[in-house]
Structures are given as C-alpha cells and as structure tokens.
Number of protein chains: 4
Amino acid sequence: MKTLNIKEELARTSVELFARQGYAKTSVQQIVDAAGVTKGALYHYFNSKDDLLFDIYDRILTLQHRNLTEIIGRNLPAVETMRLACEDVIMTSIDCIREGAVFFRSQHMLSEDRQEEVKRRRREYNDAFTAVLVRGQSDGVFRTDIPIQVLAANFFSDPHYLSYWYSPGGTISREQAAAQLTALYLAGLQAS
Amino acid sequence: MKTLNIKEELARTSVELFARQGYAKTSVQQIVDAAGVTKGALYHYFNSKDDLLFDIYDRILTLQHRNLTEIIGRNLPAVETMRLACEDVIMTSIDCIREGAVFFRSQHMLSEDRQEEVKRRRREYNDAFTAVLVRGQSDGVFRTDIPIQVLAANFFSDPHYLSYWYSPGGTISREQAAAQLTALYLAGLQAS
Amino acid sequence: MKTLNIKEELARTSVELFARQGYAKTSVQQIVDAAGVTKGALYHYFNSKDDLLFDIYDRILTLQHRNLTEIIGRNLPAVETMRLACEDVIMTSIDCIREGAVFFRSQHMLSEDRQEEVKRRRREYNDAFTAVLVRGQSDGVFRTDIPIQVLAANFFSDPHYLSYWYSPGGTISREQAAAQLTALYLAGLQAS
Amino acid sequence: MKTLNIKEELARTSVELFARQGYAKTSVQQIVDAAGVTKGALYHYFNSKDDLLFDIYDRILTLQHRNLTEIIGRNLPAVETMRLACEDVIMTSIDCIREGAVFFRSQHMLSEDRQEEVKRRRREYNDAFTAVLVRGQSDGVFRTDIPIQVLAANFFSDPHYLSYWYSPGGTISREQAAAQLTALYLAGLQAS
DNA sequence: CATGAATGAGTATTCATTCAT
DNA sequence: GATGAATGAATACTCATTCAT
C-alpha cells in the first residue's frame, strides 16, 4: 500500500517535472525532494533516471497500441475505424498530456537501446495505422493522389502538437478537440 | 573571411550535433572538436553554449516572420494568402530541417529570458497567421464551426512534425511536400 | 543446525567473493545473494561487513599461532623445529589459500582497531618464529652473517606469495610444495 | 613546467595515499586536497581514478622489464645473470616501495582490461626470468630436483614481500638487502 | 585572436546499515 | 529469527566557463 504509493508518487512527480523543465534540467534530487522521499527510495524502485523516463514511453506506447488494436479488431468500415482511432489518440493524448510533452521532446535522452525500442514500437503503431489508410484507399473512400506517408504524417502531427497548445480545463473539452481535429483530418482525407 | 568561416562552421556544427544527439548530450568540447577549432575560439564568437542554441531559434523566427509578413503584404485573397503562407512554412522548415529538430525539442534548455523571447515571437507569428484565418472566415471561405485556435494548431502541427518523418533527398521533394500538406489543410479548412 | 549452516555458508561465500574480486568490490548484497539468504539474516549473524572480513584474519591467525606453539612445544632441535614450522605454514596456507589471498591484500580495509590487533598477533607469531632462528644461530646451525629480520622475511614471503601462483589440484601437491619451499629456505639458512 | 609539476604531484600523492590507506579507501577528493589542486585539474591529466592506479603498474612493469632485458642482454653466465637480476629487482622494489605496496594489493581494483594487461606483462617478465633458470639448469649450476615454477616463486616472493617489512632509511641499506636476499636465494638454488 | 590548463559547482549512483513488521 | 523497504552519507566523474599566456 505504502509501497505502491511511493513508486506511483515518484512516477507522477517525475513526469510533472520532466514536462515542466525538461529531463536534462531535472535532477534526481529535485524529484525526490518533490516526492518527499530520499534518493535511496527512488533507487530502490527504479534502477536509474533513465528508467523513470522510459516508464513514460512504455506507458503511452502500451496504451495507444492496445487501443488501436482493439479498434481495428472491430472490423468496421475504414472511415469509421479511422474516425474512432483518431479520436482515441487525441483523447488519450490529452489524458496523458504531460507524458506527451515529455514523449516528443526527450527521446534522445533515453539510452541507445531504449531509443531503438521506442522507434520499433512507434513503427509498429504507424504500420497498423497506415494499413487502415490503405484499406480506405482500396475501398475508394480515401484519396490516392497523395503519398500514404504524407497522409499518415498529417494526422500524427496533431497529437504530437497537442502539448504545445492545448490546455486541459480550458474552453475546449477533450471530446470536442478529438472530434474537431478528426473532422479536419477526415475532410482532407476523403476521396474527391 | 577566416573569421566568418569559423563562426559559420561553429553554427553549422552545433546545429548538426544538437539535432542528432540533443542539446544536453552535446558538450562544448564535442562541438569544437567537430568544428576543428578550440574552446577559446568558440568563446571568442559566442558568449555561451546557450548563445549557440538561441542563434538557431533566432534564425528560424526571423526567417519565418519575414516571409509571412511579405506574403500578407501582398494583399491577396485569404485562400491564396493562406496557401502561400503554408507552402512557405513547409518549404523553409524543410530547408532548415535540422534547425527544426532542435527548435521543437530544446526550448526549455534556453535561459528563462530567451524562452520568454521565443514565446513572444512565436505568439506574434501565430497572431498574424490567425488574422488570415479570421479574414477568410469573414469572407465566407473558411469554416466557422471549429474554434480558430484548433484551426491554427491543425496547421502548425505539420511543420512541427516534419523533422520526425521527412527525409530531404527522399522520394518526396520539398515542393511536393509543401503542396500536399497545404492541400490537405485547405481541404479541411474550407467552408462547407 | 540450520543456524550454524547459515553462518558457515555466509563465511564461506564471503571468503570466496573477497578472494575473487576483493573486499571493496564485493557488496553485502552480492554475498547474501550468493549465499541464498537475505540481508537481515547476515546482520543477524554478523554485526558488519567488517566482521566478515575480520573472521578470516582471526581464523588464520588462531590456526597458525596454535600450530607454531605446538611445534615449538615439542622441544626438538632448531633445524627440526624450523622444518616442521615452515612445512606447517605452507600447508595450512595452501589449505586456506582463499583466506590467504584476502589476508595479504585487505588488511587496510579492516577498522583501525582490528588492524592493530592483526598487527599485534602477527608480531607475536613473528617473534616466536624469530626465537627459533636465534636458537639455531646459538646452536651454530643457522648462519649469522645476515640480519635476523632478513632471514625471517625470506621465509614469510613464501606463504604470503602462495596465493599468487599456487593452484590447489595442480601438479604440485601441498606436501610437495611444503617440502620444496622449506628445503630451499633451509639451504639458504644453514651456517657455512 | 607548472604542468609537469601538477601531474607529477598528483602521481606522487596518489601513490602515497594508496600505499598508506589502500586504493578503495582513498577518495579522489583526498588526493586533490593533498596535492593542493582541484578535481578538474586531476581529470584534466587523468581520465579516471583507475588511470592513476594503472600508472603505478605501468611504471613498475616498464622499469623492471627494461632492466631485466638489459641484464639478460649482456650474455653473462647464468649464475651471474641471476645475481644481477635478483639484486636489481630488490633494489628497484626498494626504490619504488610505495608503488610496490600498491602493486601487490590492488590489482583487482583495476578495470578488467587492465588486469589482463598486467597479468600478461607479468607473465612475460616471469617467462624471461624462468628462461635464465632453465639456462642455469642446462649449464649444471642450478638444481633440477625442484619444479621450475617453485624455484621462480621462491624468488618472486621476496620483492613482493618487501613492502611488508623493509623500512627505507633503517639499518639495512638497499644494497645490503639486495645482496643478502639474493645470497639466500642463490644458496637454495645451486646444484648440489 | 587563440590556446588549453584549471576551476568548482553540479550530477547520478552506490551501499552498508537500520528497523518496523 | 528473518524480511526487505528505506535511509543518508559518500563517491567518481562531468562540463560550461574563465584567464594567464
């Protein structure tokens, strides 16, 4: 009980600090001070500062991969699959907006091995997403005059950019942001 | 002559290294070694490592602000202004793709003062861009059912994301990328 | 029964690790892992890591002191006493070769107090050994042209050095090594 | 000039401290405090604490290898070669007695790579020394009834043990110690 | 202009030991 | 008796920056 709290508290605190001031400018000392524990406790639960960072990547990658897999598994029409997938990514990105701020800025601070792992898992996600685009093209509902990687990049850029402009608790709810960004994307995507 | 070369070489080398391995993981020693000069030389031309980083921000902000101002100054219809502005941002972002990789990842490594300056200048750029969107809405050519900040974010995310997926020298030319991403954006943007 | 086994197992394991990788490079965690117990168990039987080390010194010093006292107590001629004493030291050093490896390398890792105790007990041993040399000189069987401390050092160096070159289970048995090194020593020692 | 002094001072100071209190118990901070410089200065001249230690090994191994090679190169009779070699080792070991105290106690504190290098170079030295023993046996001047490795170990133990008992500036000069230990060794070595 | 030796404040990490359970 | 989570003090090492030459 206490144990879980400490580990979770350290995870929460480190995301917060990494998002606010960057991984490099956040010292282990700051993290443990903010979490109200000692360095020894941190190193009891995490092997290194790098582990703290990787946990963030792992959490997001696992979550988004699981959701996309589930959505694709429903075997809906391509347009509907795409709508659900896009809205889900936007909403989970908003739910994890601090993690997202770290995710896109700090990849090069991971160890080489873990950078590779993150690349691999993002590629997997990208491949699954792209497969839906291809299906929609075959079905004649998505445009074919623009390279598929451009179509994919045009969407991925949105969740990526969220942490730079979206404020949770502002005038735009997560559902609205998801619906609006998805609508804009699908408008561009549809076959003429 | 020699002087200019050394300063330029240091700028070029530092962008390269910052883009590849991140600002924090790049030491001043690595930069001077790669540039073939000594620390003394670097500190002759730059006051600090932070200056090397800020130069990158300054270069991009200056370039894009100047281009946007020029395009808006032509007083073309909103759709045409937007098309030119978007294509220009994409193309200059591709031309400065290494700078871009640094730009979006390393802002929190700048000194507080300079973070503020960068924020201010980006806001200025954003405001000018948004003004074009507003004009298009008044003219009845841009949709009004989605908050303007979402419409803006939907575009800014694209140049932002370029350094994560676009390879100069690949199968897609800078002009093609610019035309395609702009087309996708404008398709979403148009009034129904 | 179980208790004795755990304590003995910890002693055995720690000698092994100290000999192989040095006292300083061996962590308490490594010891308990290798012994298959937990830290709590170790600290139940030993007050500190230092105790684990001192036990090794105590064991060897006690053993060699007891053996030398017994041999001298037989009141044999000096040459015979010396031969038995030397052979015994060599053989017990081979029997405790891992302890020996630690003994000569890790004395300064002991607490100050215990370093003093080890020095004192080694001096006692040295004095008893030297007394035999003096008796042999008085009897006219040992040479007198070389300072007695050089004569003593010339022997003590041998058991000291054993752990650096001797392999138990190799082609030279413990009895052979003892006989040969003793023969070489006595050859140098005899009065001309 | 100043530069050499600082590097030499650091080398001198570190040998002194390593000999007195052991490598593991000597902190880099202690070394720089004793040498009157800062950590930065130390790390300007040495890449790591390990380098400071290895320098000691390198110095001794280089010195003794060079001397032995020179002595063997004179092509003197085996007995004479052996006498000169033994006396030289004893004397240089006395000259570098603090280095010697470190040499035999701290090998396992070196990095794995360097432990291997030290082992290799000591083996080379041992092989050259053993070759002289073999030559003496062929010439009929050295005994053949004891394995050659025991004959070698019987000598190597002496310089090894020096730092445990010999006091420079005491009643026994370096030349005397060298002559006496060599005499004792040769007495044991000669063919009967 | 340019050097590179030297600084010193900062960093992540280790580890013997304790103690509530 | 035994656990292992937590401590806290110590450690080696890094690096942007300065300055005498």
S.K.: What do the steps show when you test Tyr125(C) against His65(C) for ring pair (Phe, Tyr, Trp, His ring centres under 6.0 Å), and what is the final call?
M.R.: CA-CA 6 Å; Tyr125(C) 187 90; His65(C) 180 265; 7.4 Å; no
S.K.: Cation-pi check, Lys49(A) to Phe54(A): give yes when NZ or CZ is under 6.0 Å from the six-membered ring centre and within 45° of the ring axis, no otherwise.
M.R.: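 That pair does not qualify as a cation-pi contact.
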S.K.: Looking across every strand, which nucleic acid part, if any, lies under 4.0 Å from His44(B) by heavy atom: base, sugar-phosphate, or nothing?
M.R.: sugar-phosphate
S.K.: Would you mind telling me which residue lines up with the more 5' stretch of DNA chain F, Gly40(C) or Lys25(B), judged by nearest nucleotide?
M.R.: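 Looking at DNA chain F, the more 5' nearest nucleotide goes with Gly40(C).
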S.K.: From the options dT13(E), dT18(F), dG4(F), select the nucleotide whose nearest atom is closest to the side chain of Lys39(C).
M.R.: dG4(F)
S.K.: Both Val28(D) and Gly36(A) contact DNA chain F. Taking the nearest nucleotide for each, which residue is further toward the 5' end?
M.R.: Gly36(A)
S.K.: To the closest 0.5 Å, what do you measure between CZ (Arg20(D)) and CD (Glu16(D))?
M.R.: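 Atom-to-atom, Arg20(D):CZ and Glu16(D):CD are 5.0 Å apart.
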S.K.: Can you tell me how far P of dA12(F) sits from CG of Leu17(D), to the nearest Å?
M.R.: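 The distance from CG of Leu17(D) to P of dA12(F) comes to 12 Å, rounded to the nearest Å.
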S.K.: Atom CG of Leu52(C) and atom P of dA16(E): how far apart are they, to the nearest Å?
M.R.: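 Rounded to whole Å, this separation is 11 Å.
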S.K.: Whole angstroms only, please: what is the CZ-P distance between Phe46(D) and dT14(F)?
M.R.: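 Computing the Phe46(D):CZ to dT14(F):P distance gives 15 Å.
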S.K.: Just how far, in rounded Å, is C1' of dA9(F) from CD of Gln29(A)?
M.R.: 12 Å
S.K.: The side chain of Ser48(A) lies closest to which of these nucleotides: dA16(F), dG4(E), dT13(E)?
M.R.: dT13(E)
S.K.: Checking all strands, does Lys49(A) fall into the base, sugar-phosphate, or nothing category for heavy-atom contacts under 4.0 angstrom?
M.R.: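 Sugar-phosphate, backbone atoms only, no base.
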S.K.: With a 3.5 angstrom cut-off on both distances, give the Watson-Crick or G-U wobble partner of dA20(E), or none if there isn't one.
M.R.: dT3(F)
S.K.: Between atom CG in Asp33(A) and atom C1' in dT11(E), what is the gap in whole Å?
M.R.: 14 Å
S.K.: Whom does dT14(F) pair with, Watson-Crick or G-U wobble, provided both distances fall under 3.5 Å?
M.R.: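 Paired with dA9(E).
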S.K.: Nearest to the side chain of Ser27(D), heavy atoms from C-beta on, is which of dA12(F), dT17(E), dA12(E)?
M.R.: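 Selected nucleotide: dA12(F).
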S.K.: Which nucleotide wins on minimum distance to the side chain of Val37(D), given the candidates dT7(E), dT3(E), dT17(E)?
M.R.: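 For the Val37(D) side chain, the nearest candidate turns out to be dT7(E).
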S.K.: Quick one, Gln115(C) with Ser111(C), criterion side-chain hydrogen bond (donor to acceptor under 3.5 Å, both in side chains). Give me CA distance, side-chain angles, the key distance, then yes/no.
M.R.: CA-CA 6 Å; Gln115(C) 285 191 49; Ser111(C) 70; over 6 Å; no
S.K.: Is it possible for you to check whether Arg105(A) lies under 6.0 Å from the centre of the six-membered ring of Tyr164(A), through NZ or CZ, and within 45° of that ring's axis?
M.R.: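 Yes.
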S.K.: Mapping Thr26(C) and Asp50(A) to their closest nucleotides on DNA chain E, which lands nearer the 5' end?
M.R.: Asp50(A)
S.K.: Starting from P on dT11(E), measure out to OH on Tyr23(A) and report it in whole angstrom.
M.R.: 13 Å
S.K.: Figure out the CG/P separation between Leu42(D) and dC13(F), and round it to whole Å.
M.R.: 9 Å
S.K.: Which nucleotide wins on minimum distance to the side chain of Tyr43(D), given the candidates dA16(E), dA12(F), dA12(E)?
M.R.: dA12(F)
S.K.: Atom CG of Leu53(D) to atom C1' of dC13(F): distance rounded to whole Å?
M.R.: 17 Å
